[in-house]
Protein chains: 2
Amino acid sequence: MTSIKDIARLAGVSPSTVSRVLNERAYVRSEVRQRVLDIVREQGYVQNHVARSMVLQRSFTIGVVIPYLFNMFQRQLFASMEFFLEQHGYKTQFFFLRWSDSSEQAFLRRLKGETLDGIIFIHELDNPLIYRYIQERGLPVALCTFEKQEFGFPAVHIEEEASAELAVEYLIRRGHRTIGLITGEHFSFGRQREDGYKKALAAHDIPYTPELTVRVPAYNPEAGRTGMLTLIKRKQPLTAVFAATDELAIGAIKALSESGLKVPEDVSVIGLDDIDISAFTTPGLTTVRQPIFEMGKKSADLVCEWIARGRMQGRTELFTATIVERESVRTLQ
Amino acid sequence: MTSIKDIARLAGVSPSTVSRVLNERAYVRSEVRQRVLDIVREQGYVQNHVARSMVLQRSFTIGVVIPYLFNMFQRQLFASMEFFLEQHGYKTQFFFLRWSDSSEQAFLRRLKGETLDGIIFIHELDNPLIYRYIQERGLPVALCTFEKQEFGFPAVHIEEEASAELAVEYLIRRGHRTIGLITGEHFSFGRQREDGYKKALAAHDIPYTPELTVRVPAYNPEAGRTGMLTLIKRKQPLTAVFAATDELAIGAIKALSESGLKVPEDVSVIGLDDIDISAFTTPGLTTVRQPIFEMGKKSADLVCEWIARGRMQGRTELFTATIVERESVRTLQ
DNA sequence: ATAGCTTCTGAAAAGGTTTTCATCTAGTGA
DNA sequence: TCACTAGATGAAAACCTTTTCAGAAGCTAT
């Protein structure tokens with residue numbers, strides 16, 4: 001591998017000068033600059049990132065932490081982040097977490113050895129030590145889909161509770177009063193969306209029926225399917241179901257059709273997220289849209305802004321969720 | 001940040017000894033070893049990866065290159081790779097490519113500056129310089145979903161052509177003789193699957209009708225939808241459609257139902273890939289299964305094996321594709 | 001002629017690790 | 001007692017950059 005020294009030797013200058021040329025510093029005679037540049041091109045020389053990171057004490061890398069699941073929602077979010085992070089001149093380093101406390105600890109250890117310039121969290125982690133560590137180290141960070149009041153990290157998210165309310169409200173407005181809920185056991189958004197469901201019911205004087213709620217261990221279609229199957233088996237009459245995420249909703253629709261029930265004729269289904277695929281199910285999934293792409297962009301912007309211009313205290317970017325009407329909800333009567 | 005020198009000072013030994021302890025080398029008195037270990041734990045010290053990469057000339061990072069698209073198929077593949085790469089002790093570094101020649105050139109430049117230990121390519125890149133560079137540098141590599149005979153890189157893939165044949169054959173066996181094809185313009189697999197389609201027709205003496213083929217510029221549901229719409233508009237009678245990927249098939253089903261055509265009663269649809277979601281569409285998508293998870297694992301294993309034990313010449317791992325029967329294909333008569 | 005700037009350049013240090021080489025100590029066998 | 005070996009340790013070099021500092025050269029103003 002050719003190094004800066006080779007270029008220096010070939011150009012008859014010192015490594016310092018080559019470095020100055022490469023980093024577009026002043027104080028290099030234009031004639032020398034040109035000679036160096038020519039040799040660089042000729043030799044196909046590229047700076048060694050590792051050595052650069054070493055001396056600069058920065059890696060030009062942003063970590064993106066995704067706990068446990070890597071579903072369609074996160075794929076879209078991640079793709080968006082990666083795109084804008086690259087535009088800002090940063091590489092993206094993935095951190096998939098697995099489902100365990102030891103995984104979060106392992107992540108923390110790993111984090112300490114990593115020279116990241118910043119970090120984005122998708123979904124909330126259980127281990128508070130991680131946030132505390134980030135705080136102490138002063139690592140630029142952005143939270144995506146949740147916030148952490150006590151730390152005042154910049155965050156981008158929708159009003160989870162209000163968005164769920166919006167979905168259930170939509171159902172109620174269309175005459176539904178026996179509404180099932182399928183949500184996941186994990187993550188703050190699952191709880192918040194459940195709260196939103198309850199709040200909407202309460203606002204319309206509909207008593208909360210525990211038998212209409214089912215909590216599943218994941219947020220994928222398969223979990224939605226088994227959740228819906230459970231609900232059907234309970235024989236609690238219902239005319240509609242709110243699934244806490246679109247993937248859950250897609251699984252629910254599958255379970256309904258497997259059970260000979262038509263959507264939306266027999267049971268209406270509404271989701272939350274509006275992932276790509278929701279526009280392509282049959283029937284098209286009525287859902288609440290989270291502006292995923294924009295949220296990914298904003299998260300990227302926030303970390304980069306912190307890096308470039310220093311920390312801004314307690315900045316939260318709230319996105320609004322909106323109903324997307326497709327064909328999976330029927331108006332009663 | 002505490003460094004190895006701090007630990008050395010605290011333990012009253014030299015950095016060399018600490019390094020030996022950390023890397024589990026011999027020639028350290030067990031008493032000293034324990035003292036160092038205690039201080040390391042106490043101080044929460046972790047090795048600095050950048051410095052380590054610098055001196056070791058390896059990064060413990062495998063690059064995964066994904067051209068242009070980042071769809072559901074690739075998400076699953078990527079998740080699988082990341083999982084097994086981590087098991088092998090490697091980090092995963094993403095390289096998303098955009099749709100242009102300059103993007104591939106930019107990638108090549110970037111690649112030169114990167115200290116990767118290995119690289120996995122998902123889908124074939126157009127720019128041959130990239131493979132030549134990899135070859136010259138002797139960088140361990142694995143190809144996933146395609147192969148490059150002239151370079152003899154280890155590769156894992158299915159027989160694209162034969163798999164497509166399998167799908168079309170399945171249709172023909174069920175009495176279909178006017179079969180549409182929706183495929184993408186780009187990537188070798190698109191062309192190969194088209195060849196498979198033609199071959200299956202030829203094998204059953206069905207003349208190839210160009211009007212039944214439509215080529216779309218992407219491999220996502222939206223492209224599948226517009227592709228199907230085009231096919232419908234052409235008014236060329238057909239009883240079945242082979243979509244080159246499941247995402248295309250999902251879009252095709254959507255277009256059919258939008259046009260008042262029922263699947264599979266009016267038109268049968270078969271895909272290829274068997275991505276997660278295909279089990280959850282209504283009707284369930286009949287498709288040809290590519291063992292995505294296993295292929296991801298194998299790719300990871302191959303690069304790691306090359307790194308650990310040196311290059312194995314021209315090793316190709318062929319996976320077999322199998323029909324997955326669900327509800328989107330009807331038997332005629 | 002001298003002092004004081006500006007522009008340009010190179011030597012050397014720094015960044016945090018690993019590894020080679022040299023040295024020292026203790027133990028073994030003659 | 002004397003070589004010799006094995007075990008344990010530290011000093012220093014190396015990995016490849018960037019940046020600071022110092023010095024040289026050329027100019028301007030006194």
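Order of the sequence lines sets the chain letters (A, B, ...), proteins ahead of strands, with each chain counted from 1.
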Correct closest heavy-atom pair for Y131(B) and F153(B) would be O-CZ, 3.8 Å
Nearest whole angstrom, please: distance from the C1' of dG10(D) to the CZ of R9(B).
17 Å
Any N or O donor-acceptor pair under 3.5 Å from the base of dA8(D) to the side chain of T17(B)?
no
Using only side-chain N and O atoms of Q57(B), determine if any of them is under 4.0 Å from OP1 or OP2 of dC16(D).
yes
Is any side-chain heavy atom of M81(A) less than 4.5 Å from a side-chain heavy atom of I62(A)?
no
It should be established whether N23(B) places a side-chain nitrogen or oxygen under 4.0 Å from OP1 or OP2 of nucleotide dT18(C).
yes
With a non-hydrogen cut-off below 4.0 angstrom, is V13(B) in contact with a base, only sugar-phosphate, or nothing?
sugar-phosphate
Ring centres of Y219(A) and F189(A) under 6.0 Å apart?
yes
Identify the heavy atoms of V50(B) and M54(A) that sit nearest to each other, and give their distance.
CG1-N, 3.7 Å
Could you check how far CD1 of I4(B) sits from P of dA11(D), rounded to whole Å?
14 Å
Distance-only donor-acceptor test, R52(A) side-chain atoms vs dG15(C) base atoms, 3.5 Å:
no
What is the distance, to the nearest angstrom, from the NE2 atom on H49(A) to the C1' atom on dC15(D)?
16 Å
Closest to the 5' end of DNA chain D, once G12(B) and M54(B) are matched to their nearest nucleotides, is G12(B)
Whole-Å distance between dC16(D) P and Y45(A) OH?
10 Å
NA contact type, R20(A), heavy-atom cut-off 4.0 Å: base, sugar-phosphate, or nothing?
base
Just how far, in rounded Å, is C1' of dG10(D) from OH of Y27(B)?
16 Å
Indicate, with a heavy-atom threshold strictly under 4.0 Å, whether S3(B) touches base, sugar-phosphate, or nothing.
sugar-phosphate
Gap between atoms NZ and P, on K5(B) and dA13(C) respectively (whole Å)
13 Å
State which of dT9(D), dG16(C), dT19(C) makes the closest approach to the side chain of N48(B).
dG16(C)
Nearest-neighbour nucleotide for the V55(A) side chain, dA8(D), dA14(D), dG15(C) considered
dG15(C)
Whole angstrom value for the distance that separates C1' of dG16(C) from CD of Q47(B):
11 Å
Rounded to whole Å, CZ of R25(A) lies from C1' of dT9(C) at a distance of 16 Å
For R132(A), check side chain to side chain donor-acceptor pair (under 3.5 Å) against everything at least two apart and list the hits.
none
